[in-house]
S.K.: 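Right, I'll just put the structure down here and ask away after.
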Amino acid sequence: MGLRVYDTKRREKVDFSTIEPGKVSMYVCGVTVYDYCHLGHARCYLSFDLIHRWLESSGYDVNYIQNFTDIEDKIIKRSIEIDEDWRALVGRFIDAYFEDMDALNILRADSYPRCTDYVEEMIEIIEDLIQKNHAYIANDGVYFDVHSAPEKYGILTGQSIDAVLEGAGGRVGSTGSGKRDHKDFALWKEGKEGEPSWSSPWGDGRPGWHIECTAMSLATLGDQFDIHGGGHDLRFPHHEAEIFQTECHTGKHPMVHHWLHNGFVNIDGEKMSKSLGNFWTIRDILEKVPALTLRMALINAHYRSPIDMNEQIINDAIKNIGRIHDTYKLLLENLSEDPIQLPRGDLSSMLPLPKSIGLLEKIAEDFARAMDDDFNSREAVSKLIAGSKELTKVVNQISGDDQKAYATMGVLWMEELAGEVLGLLPTREEALLKPETDPRREAISQEVEELLRQRTIARDGKNWAEADAIRDKLSQIGVTVTDTADGPVWELA
RNA sequence: GCACGGGUGUCAGAGCGGCUAUGAGCGGGACUGCAGAUCCUGAAACCGGAGUUCAAAUCUCCGUCCGUGCUCCA
């Protein structure tokens with residue numbers, strides 16, 4: 001069974017197909033760069049990172065485009081507020097975007113077009129739409145006339161063009177713009193004094209929000225492409241506007257073969273959003289939670305389900321990622337003199353324990369089936385944990401060459417599933433990093449070692465009270481002691 | 001109001017016609033002086049009602065509750 005995806009437009013899971021065999025063209029709406037990214041952005045780009053990774057892992061050649069909206073009302077507003085040139089502001093937050101996403105181990109898209117580089121294309125499209133009577137010039141800009149293509153209304157959200165008027169409550173009619181109908185949307189906005197603007201046949205101004213994605217997807221992926229993604233809230237009006245513009249301009253239908261939308265991050269059961277003021281930026285969270293743990297927390301739900309962010313989700317993620325990292329480390333420590341030199345590659349080369357290997361292969365198949373089922377990362381994680389348990393159990397039961405061979409296989413197994421596909425593994429170097437290299441640890445190392453020596457003496461003399469007292473003392477300075485077969489090991493809390 | 005998603009054990013969260021989800025937490029057990037880690041193992045669930053079916057958490061209908069969209073928002 002091949003890959004199936006839930007298509008927002010068709011409202012069901014459908015077999016995934018591509019326009020060109022073996023290749024996937026994918027466009028995901030990017031951020032408007034006027035502030036730091038919040039958890040919701042993390043979830044969105046993480047969802048599409050997973051999709052990106054799984055498609056590549058399935059053998060597709062993926063062309064992944066993600067834009068930056070670098071001119072927009074909020075950018076202008078912010079730039080005036082903090083008295084910073086809008087270009088500088090935008091540059092700053094694009095840099096911040098990459099820092100945050102790199103930290104979360106999100107692979108880079110193939111290209112990141114910025115809408116200000118496509119203003120000419122937008123103007124051409126708008127001119128064409130006016131010529132084809134899909135758009136009209138008003139006193140304050142150019143608008144798309146939704147009644148010129150009523151069959152395209154509500155394609156993603158199931159709303160009929162007539163129903164919208166009724167429900168929009170008191171907001172309807174108060175647009176104050178040159179729109180003929182409140183459902184029409186701006187293609188070009190007349191510029192105001194002192195604002196960034198571009199010249200156009202309709203005077204100086206700037207593009208509307210929706211037209212940019214049309215211009216950039218057309219320029220980078222063509223008239224029709226395989227996947228268009230974004231947050232759930234973008235279905236309407238943004239993505240529906242794109243359909244209007246693009247299809248009316250090119251005359252081709254459908255512009256997109258699979259519409260994919262990720263679910264939201266909620267805080268205490270409510271949508272996290274800037275307007276509600278209950279949002280956390282990625283960098284706020286990364287001060288408290290390691291990046292891969294956050295990644296685990298967000299992957300641990302299906303990408304379309306809402307996630308209610310709370311402490312328990314993080315605690316679960318700490319346990320889960322800890323188990324996976326522990327197993328990975330254990331395997332690395334057992335495989336050979338120099339684990340770093342181990343070639344990456346096929347995992348079926350050495351087979352000391354056919355039964356366990358068979359089980360792991362079965363788990364890997366289940367894992368693939370889960371990912372093929374609309375990228376069910378939650379299910380995939382549960383398979384990964386099952387495999388992780390099996391590896392830990394077996395590698396501890398055997399020794400010698402068998403153990404080395406098995407551990408080698410295990411490392412490759414984990415690097416494929418946990419590493420390449422889910423992006424949850426640190427590098428081999430990081431996984432093996434001895435805690436002594438932590439500078440905070442360095443500082444108290446001598447004192448701790450001395451206390452541990454005393455405790456070992458006490459324990460040898462079965463003087464448990466004293467041994468425990470020393471352990472308590474250590475825990476007061478933030479040191480956790482764990483006794484192992486090779487003696488006590490300590491780490492900072 | 002209209003549209004779209006949902007309501008699964010203590011919690012988080014898969015499954016979406018028959019078969020153990022999984023993780024945390026809780027209960028046993030092994031190993032440990034104890035603790036931790038690890039391994040083995042137990043209890044525990046499908047919002048309410050009706051229907052379809054040999055069989056329903058899974059399909060249909062009704063009810064109910066929650067979230068989201070209809071306005072800038074990933």
Side-chain angles (χ1 to χ4, degrees), chain A residues 6 8 11 13 28-32 35 37-48 69 72-74 77 154 156-160 162-172 174-175 182-183 209 229-238 240 261-266 269-276 279 296-297 300-302 304-308 310-320 322-323 326-327 330 366 370 373 376-386 389 392-394 396-397 458-459 462-465 467-468 471-472 475 480-485 488-489:
Chain A
Y6 183 90
T8 309
R11 280 179 223 147
K13 284 185 197 169
V28 174
C29 287
V31 287
T32 300
D35 206 344
C37 288
H38 62 232
L39 251 189
H41 296 113
R43 157 97 125 141
C44 176
Y45 301 111
L46 199 46
S47 297
F48 287 99
T69 297
E72 209 266 339
D73 291 0
K74 291 188 292 289
K77 185 165 171 251
L156 294 178
T157 47
Q159 312 239 63
S160 75
D162 301 320
V164 176
L165 244 188
E166 300 172 18
R171 296 185 296 268
V172 175
S174 58
T175 55
H182 84 283
K183 295 187 284 303
W209 176 38
H232 204 247
D233 55 342
L234 255 34
R235 290 175 310 151
F236 186 94
H238 186 56
E240 292 206 353
H261 296 274
N262 67 276
F264 278 95
V265 176
N266 297 333
E270 237 186 356
K271 174 185 167 182
M272 179 179 77
S273 77
K274 295 197 175 178
S275 39
L276 289 170
F279 70 97
M296 172 58 109
N300 215 197
H302 184 94
R304 283 188 289 114
S305 311
I307 290 183
D308 196 34
N310 57 46
E311 211 167 313
Q312 159 135 27
I313 295 236
I314 298 292
N315 285 339
D316 281 3
I318 290 170
K319 297 275 187 184
N320 283 148
R323 176 184 282 282
D326 286 350
T327 302
L330 177 70
D366 290 345
D373 182 13
N376 192 339
S377 57
R378 172 68 208 224
E379 178 78 7
V381 167
S382 82
K383 298 303 169 194
L384 176 63
I385 288 169
K389 278 187 166 181
T392 303
K393 185 175 78 176
V394 174
N396 279 324
Q397 285 169 354
R459 291 183 72 219
K462 300 205 190 295
N463 194 346
W464 310 128
D468 290 347
R471 187 164 59 193
D472 287 347
S475 93
T480 311
V481 179
T482 306
D483 294 313
T484 72
V489 171

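Note that these values count all heavy atoms, side chains included, but never hydrogens, waters or copies made by symmetry. Note that the coordinates shown come from a computational prediction; the quantities given were computed from them, not determined experimentally. A note on names: the letters A, B, ... follow the listed sequences, proteins ahead of strands, and every chain is numbered from 1.
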S.K.: Could you check whether A/Tyr45 gets within reach of a base, just the sugar-phosphate, or nothing at all, counting any heavy atom under 4.0 Å?
M.R.: sugar-phosphate
S.K.: Could you tell me how far apart A/Leu156 (CG) and B/U68 (C1') are, to the nearest whole angstrom?
M.R.: 15 Å
S.K.: Between B/C39 and A/Arg323, is there an OP1 or OP2 to side-chain N/O distance shorter than 4.0 Å?
M.R.: yes
S.K.: Let me have a per-nucleotide readout for nucleotides 8-21 of chain B, 5' to 3', with B, S or -, counting only protein heavy atoms under 4.0 Å.
M.R.: ---BBSSS-----B
S.K.: Partner of B/G67 by Watson-Crick or G-U wobble geometry, both contacts under 3.5 Å, or none?
M.R.: B/C4
S.K.: P atom, B/A37 versus B/U20: distance in rounded Å?
M.R.: 29 Å
S.K.: If I pick the P atom on B/C16 and the same atom on B/A57, what distance separates them, to the nearest angstrom?
M.R.: 14 Å
S.K.: With heavy atoms under 4.0 Å as the rule, sort A/Gly40 into base, sugar-phosphate or nothing.
M.R.: base
S.K.: Please report the distance separating the P of B/G48 from the corresponding atom of B/G7, rounded so that it comes out in whole Å.
M.R.: 13 Å
S.K.: If I pick the C1' atom on B/G17 and the same atom on B/A3, what distance separates them, to the nearest angstrom?
M.R.: 29 Å
S.K.: By nearest atom, which of the nucleotides B/A74, B/G69, B/G23 is closest to the A/Phe236 side chain?
M.R.: B/G69
S.K.: Quick one: is B/C4 close enough that its OP1 or OP2 comes under 4.0 Å of any side-chain N or O from A/Arg235?
M.R.: no
S.K.: Whole angstroms only, please: what is the CG-P distance between A/Asp326 and B/C39?
M.R.: 10 Å
S.K.: Report yes or no: is there a donor-acceptor pair, N or O only, under 3.5 Å between the side chain of A/His261 and the base of B/A74?
M.R.: no
S.K.: When you measure from the side-chain N and O atoms of A/Trp209 to the phosphate of B/C73, is any distance below 4.0 Å, counting only OP1 and OP2?
M.R.: yes
S.K.: Rounded to the nearest Å, what distance is computed from the NZ atom of residue A/Lys393 to the P atom of nucleotide B/C31?
M.R.: 18 Å
S.K.: Which part of the nucleic acid does A/Asp468 contact within heavy-atom distance under 4.0 Å: base, sugar-phosphate only, or nothing?
M.R.: base
S.K.: Give A/Tyr6 one of three labels, base, sugar-phosphate or nothing, depending on what nucleic acid heavy atoms sit under 4.0 Å from its own.
M.R.: sugar-phosphate
S.K.: For the side chain of A/Glu240 and the backbone of A/Thr157, is there at least one donor-acceptor N/O pair under 3.5 Å apart?
M.R.: yes
S.K.: For the pair made of CG in A/Asp233 and P in B/C70, what is the distance, rounded to whole Å?
M.R.: 8 Å
S.K.: Write down the partner of B/C59 under the Watson-Crick or G-U wobble criteria, each distance required to be under 3.5 Å.
M.R.: B/G51
S.K.: If the C1' atom of B/A14 is compared with that of B/U58, how far apart are they to the nearest Å?
M.R.: 13 Å
S.K.: Name the nucleic acid region contacted by A/Gly154, choosing base, sugar-phosphate or nothing; use a 4.0 angstrom heavy-atom cut-off, strictly under.
M.R.: nothing
S.K.: Taking 4.0 Å as the cut-off, does a side-chain nitrogen or oxygen of A/Lys389 come that near to OP1 or OP2 on B/G23?
M.R.: yes
S.K.: If only side-chain N and O atoms of A/Lys319 are considered, is one of them under 4.0 Å from the OP1 or OP2 phosphate oxygen of B/G25?
M.R.: yes
S.K.: May I have the distance from A/Ile385 (atom CD1) to B/U22 (atom C1'), rounded to whole angstrom?
M.R.: 7 Å
S.K.: Starting at NZ of A/Lys74 and ending at C1' of B/C72, how long is that distance when rounded to a whole Å?
M.R.: 4 Å
S.K.: Per the atom types in the model, does the base of B/G33 pair as donor or acceptor with the side chain of A/Arg459 at under 3.5 Å?
M.R.: yes
S.K.: Check the distance between B/A3's P and A/Glu240's CD and give it to me in whole angstrom.
M.R.: 14 Å
S.K.: Looking only at side-chain atoms of A/Glu72, point me to the closest of B/G33, B/C72, B/G67.
M.R.: B/C72
S.K.: Between A/Leu234 (CG) and B/G69 (P), how many Å, whole number?
M.R.: 12 Å
S.K.: With distance as the sole criterion, do the side chain of A/Arg471 and the base of B/C34 form a donor-acceptor contact below 3.5 Å?
M.R.: yes
S.K.: Any strand counts, and the cut-off is 3.5 Å on both contacts for Watson-Crick or G-U wobble. Which nucleotide pairs with B/C11?
M.R.: B/G23
S.K.: Touch check for A/Val28, heavy atoms < 4.0 angstrom, all strands: base, sugar-phosphate only, or nothing?
M.R.: nothing
S.K.: Need one value for A/Val381: base, sugar-phosphate or nothing, where a base atom within 4.0 Å counts as base even if backbone is also close, heavy atoms only.
M.R.: nothing
S.K.: Both distances under 3.5 Å, Watson-Crick or G-U wobble: report the partner of B/G36, or none.
M.R.: none
S.K.: Using atom C1' in both nucleotides, what's the gap between B/G25 and B/G9 to the nearest angstrom?
M.R.: 12 Å
S.K.: Is it true that a side-chain atom of A/Asn310 and a backbone atom of A/Ile313 form a donor plus acceptor pair closer than 3.5 Å?
M.R.: yes
